[in-house]
Each structure stands twice: as C-alpha cells, then as structure tokens.
Participant: 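Could you have a look at this structure, given as structure tokens, before my questions?
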Amino acid sequence: MLTSLASLLISIPQRVGTDGDVDSITLSGDNQVFRRIRRELEDLRGRMAIYLSVIALAVAIAAAVLLHAGFGIGSPESVAALAAIAAIGEWRGRITLRVGFGVSISLFPSVFAAVLFGPLAGMVVFGASALGLRIPVAGRLVYFFNRAVIGAASGAAAAGVVALIPGGVEETVAAATVAAFTAELVDATLTSVTFSLRGLGRWTVAARDLLPVIAASIPFYGPAVAVLAFAYRDISPWTLPLFFAPALAAQRWFLMYQEQRRLTDDLQRVNEQLQAANLSFAKGLIATLDARDRYTAGHSAAVAIYARDIAKRMGLGQGQEDLAHLCGLVYDIGKIGLPPGILEKPGALTLEERREMQRHSEIGEKILANVDTYSEIASIVRHHHERVDGQGYPDRLSGLDIPLLSRIIAVADAYNAMTSDRPYRDAMPSRVARLRLAQAVETQFDTAVVAAFEAILAGADERYRTAHGADFRFVDQDTTDAAAHEIAAASSISAAS
C-alpha cells in the first residue's frame, strides 16, 4: 500500500508556470521529495510488504481484544514517561550485533510497563521505542508493529502469572521473569524472521547471535523489574526516576559486555580461518617443492611435526608451537629457486653446487617476506642453517642471536635428514642420528633444544622416530603427483622452445 502511495506521488503532474514552462525550482524540490519517499519505503516490497500487513493486522486485533477484555494502560503519566525512556533507550542505548539487527536497553522499561500496567500498556511502551530509531520509515514501521506484538505477549504472560499465583513477592518476581523471558523469546523470533525476509541471511544466523543474549539477560531482567515494581507499588511512583537511571546504566553495561564477548568469539573464528588459510598456503608450497625434489618428498612435513613437538616440550606456549609447525612446513621453500639439476643430482654436490645450495635459506626468506603476516616466518627461515658456534650461514650468527625457532628447525631438519634415505646413502638408525646430535651440541646445535628432542624420541615408538606415522603425511600423494606433472610439462615446453 505504501509503495503504491509513493508511486502515486511520483506520478503527480509537474507544475507549469503562467508562460507554459515547467517551474524548474518546484520540479527540483519535488523530485528530491519523491526520491526521499522512495528511499524511505524501498524495503516494503514483496514478502516484507506482506509481512507488514500481517503483523499490523495482528496488532490491531490484539489491541481490540485487550480493550474488549477491559485492559487499560494504568497510569497515563507513568506510561508516557516509560514510553519516552524506551524511545531514548533505542536512540542512545542500541548495540548492533550484526548488520540488520541489534539489541537495546529499551526492553527494560518496556517489560516494566507490561508487568506493572498490563499488556495494553506494554504494547504502547514497546511500540513507542520505535520512535527512537534512526532508520528509514519502512524499517521503523516494521519495528513498531513487531514491538507492539512483543508488548502484548509479555504483558499477557505477566497477567497469566498474576492470575495463577497469589499476591506477594512470589507473584511479582515470577511475573517479571516470565514477562522478560516471553519478551526476549518473541523478540528473537520476530527479529530472525524479519532478518531473513529482508534477504540479509538465514534466520538461524540471527537466532544464533540472539540466543546467548536471551540466556544471559533473563537473570537480570526478572529481579530488576521486580524491585522497581515493588518500589512503585509499595513506596511511591516517584521512586521510578530514582531507580531507573542506575538500572538503565547497569543494563547498558551488560549489553556492552555481551557485545564484547561476541566480538571476542568473532575474532577467534577469524583467527582460526586465518590459521587454516596459512596451512593451506604452506601445503601448496610443500607440494611444489616435493614435486621438484621427489627424494625428499615429505621431509618438510616431518620437520614441522618434530619442530612443533620440541616447542611443546620446551613449554613455549600454543602460539609458538603453531608457529614452529608452520615454519617447519615452509623452511626449505627457497630450494625451488635453485638452478635445475642441483636438487635432482643423484650424487654428492661439487663445491660450487654446495655454495649455490646454501643460498636456499636467503631465497626462502625473500619468497616469504612478500607474503602478508609472514615476516617473522621469513626471518626464522633465513637463519635455520646458522650454528651456535657462529660457523653457519648466511649471516654467521651465534648463540642466542639465532632465533629460537630457527635453532629448533635446525635440529629437527638434521635429525630427519639423517634418518631418511638419500641418493648417496641409506637412512641412519635413530640411535645413531641421536648420537650425532648429542656430539654436535654447543658447536652446531643448541643444547636445550637437543635435550628436549632427545626426551621426546626416548619415549616415542619407532614409527615416530622414522617419521612414518599418519601425522607425517601432511601433503597427500595425489597433490604431489599433480604438481610434479605440471612442473615436468613446463620443463618440456621450456626445452622445446
């Protein structure tokens, strides 16, 4: 109906001057008015228009039934004051939970009116809260009728409790609690439905955000509304302003606390998604490297597991454990930048080839430094071939100047290399590799890191010691084979050209 009205207004003929020309000033002003009307009512289309019609009819029927049943609004002055507080609560005390909906402190005075003065007063105060919204008219109309339905439901629930329980403290507390629960439940239901009808997402998304607020707020609303009702009835109506200011402030702080908890949960989910993206990126890099150097395929995955477990044994915390694992996955990525033939060479490398091979840690740093959030990982990768005696490369760092995770990667890398088959030698037994690590402490390796790794290996089974468990197959064979095929194809094209 409102959309049709807007269309009708837009179709009004333009004003014409005495000389037959269109009055351009009037036309410009009219067009601005019409555009504003259309903007204010643009949401009232299709399903939303039908929903507004249904909810408005429900409010009209509810109001008629309540009036016929003899319900009034109690004290007009008090209800007017509560309506003003509710409108101000929407205006100044609203917290957005998600685009399209939020919560506000207007629920508190509205529930109070429903409990103290009945369902009709609840409809008035709940509906009046829509006046404080700074949203288009269409949204305000929907909100007004939604809130009026909530007021009727909460007031009726409170009246039902009063009819069942004799007067006294129990009656007031029970009525306040049931009214608050009903208001929250109906509010969440209507908000979720509206959220879905507006095309902002599934109704379950809105319900999931609102339900924790409902569960946490009921214990607050029941006692607070009951106290105010006692003060109003048994002391004086003038106690209302004395109690309402601190009560509204308390509810505001409560809603802010709920919003903070929600934002914390959202941040945690984003961090988990970022971590998963980092692992996916690392997995892609590993597949590329393993496809080029098939003899060491799986080596990075094993180093990552060992590095993570060493960090855990040393008590570095979950964050450092995850970082050690990620660094272990990508620490050798610089090898993909080496000249062809070095990685694939079946025998020992020449001196010149060894010098070229030693550049892989610097190449790896340059690759990873171009990835957002990988600056720390790039530094760790650069220094994973440093030695504690200062005889390593590329920067000849020594002792504690070498990043701790680089020292951990160095131990994990050396052990897995010794216990794996190579083109020029067979794998060493675990006990021999562990002896070699122990002999190189304070020269090549950090003593504390070697001691932590030895404690892990001493209590592990043979599959862990030789990196043959399921956890060590981080990159599946299909992924590696596909990458190898692409590299081989690219090499063939290059050779042909």
Participant: I'd like to know if the side chain of R313 and the backbone of A452 have a donor-acceptor N/O pair within less than 3.5 Å.
Facilitator: no
Participant: When you measure from the side chain of S379 to the backbone N and O of S375, does any donor-acceptor pair fall under 3.5 Å?
Facilitator: no
Participant: Hey, can you pull the donor-acceptor pairs under 3.5 Å for the side chains in residues 148-156, sequence neighbours left out?
Facilitator:
{"unit_1": "S154", "atom_1": "OG", "unit_2": "I150", "atom_2": "O", "d": "3.1"}
{"unit_1": "S154", "atom_1": "OG", "unit_2": "G151", "atom_2": "O", "d": "3.2"}

Participant: Using every non-hydrogen atom in the two residues, find where V161 and A175 come nearest and quote the distance to one decimal.
Facilitator: CG1-N, 3.6 Å
Participant: Where is the tightest heavy-atom contact between T182 and A157, given as atom of each residue plus distance?
Facilitator: OG1-CB, 3.4 Å
Participant: Show your reasoning for whether side chain to side chain contact (heavy atoms under 4.5 Å, CB included) applies to I55 and V142.
Facilitator: CA-CA 8 Å; I55 200 76; V142 173; 5.8 Å; no
Participant: State, yes or no, whether a side-chain contact exists between I402 and D446 at a heavy-atom distance under 4.5 Å.
Facilitator: no
Participant: Side chain to side chain contact (heavy atoms under 4.5 Å, CB included) between F126 and N146: does it pass, once the steps are laid out?
Facilitator: CA-CA 9 Å; F126 267 100; N146 277 351; over 6 Å; no
Participant: Closest heavy-atom contact between V79 and A121?
Facilitator: CG2-CB, 4.0 Å
Participant: Do F453 and D309 come close enough that some side-chain heavy atom pair is under 4.5 Å?
Facilitator: no
Participant: Run V303 and H299 through side chain to side chain contact (heavy atoms under 4.5 Å, CB included) and show every step you take.
Facilitator: CA-CA 6 Å; V303 171; H299 177 56; 3.6 Å; yes
Participant: Say you draw a straight line from CD1 of I380 to SG of C327; how long is it, rounded to the nearest 0.5 Å?
Facilitator: 3.5 Å
Participant: Would H384 and I408 count as a side chain to side chain contact (heavy atoms under 4.5 Å, CB included) if you check the C-alpha gap in whole Å, the side-chain angles of each, and the deciding distance to 0.1 Å?
Facilitator: CA-CA 8 Å; H384 76 273; I408 290 175; over 6 Å; no
Participant: Within the 4.5 Å heavy-atom criterion, are F117 and I73 side-chain neighbours or not?
Facilitator: no
Participant: Report the C-alpha separation of R308 and D322 in whole Å, then their side-chain angles, then the decisive distance to 0.1 Å, and conclude whether the salt bridge (charged side-chain N to carboxylate O under 4.0 Å, His left out) test is met.
Facilitator: CA-CA 7 Å; R308 181 199 65 194; D322 293 339; over 6 Å; no
Participant: Flag the pair R147 / V125 as yes when at least one side-chain heavy-atom distance between them is below 4.5 Å, and no otherwise.
Facilitator: no
Participant: How far apart are the closest heavy atoms of A302 and N416, and which atoms are they?
Facilitator: CB-ND2, 3.4 Å
Participant: Hey, what do you get for CD1 (I363) to CZ (R382), rounding to the nearest 0.5 Å?
Facilitator: 11.5 Å
Participant: Taking all non-hydrogen atoms of both residues, which atom of I409 and which atom of A307 are closest, and how far apart?
Facilitator: CD1-CB, 3.7 Å
Participant: Find out whether L190 and Y51 are in side-chain contact, i.e. whether some heavy atom of one side chain is under 4.5 Å from a heavy atom of the other.
Facilitator: yes
Participant: Would you give the length of the straight line joining atom CG of L329 to atom CD1 of I305, rounded to the nearest 0.5 angstrom?
Facilitator: 7.5 Å
Participant: Rounded at 0.5 Å granularity, tell me how far CZ in R407 sits from CG in L405.
Facilitator: 9.0 Å
Participant: What heavy-atom pair brings A311 and A324 nearest, and what distance separates the two atoms?
Facilitator: CB-CB, 4.1 Å
Participant: Nearest 0.5 angstrom please: E376 CD to L323 CG, how far?
Facilitator: 5.0 Å
Participant: Roughly how far, to the nearest 0.5 Å, is NE2 of H383 from CD of E365?
Facilitator: 6.5 Å
Participant: When you look at Y306 and Y464, which way does the ring-ring contact (aromatic ring centres under 6.0 Å, His included) test go after all the steps?
Facilitator: CA-CA 9 Å; Y306 288 146; Y464 180 89; 5.3 Å; yes
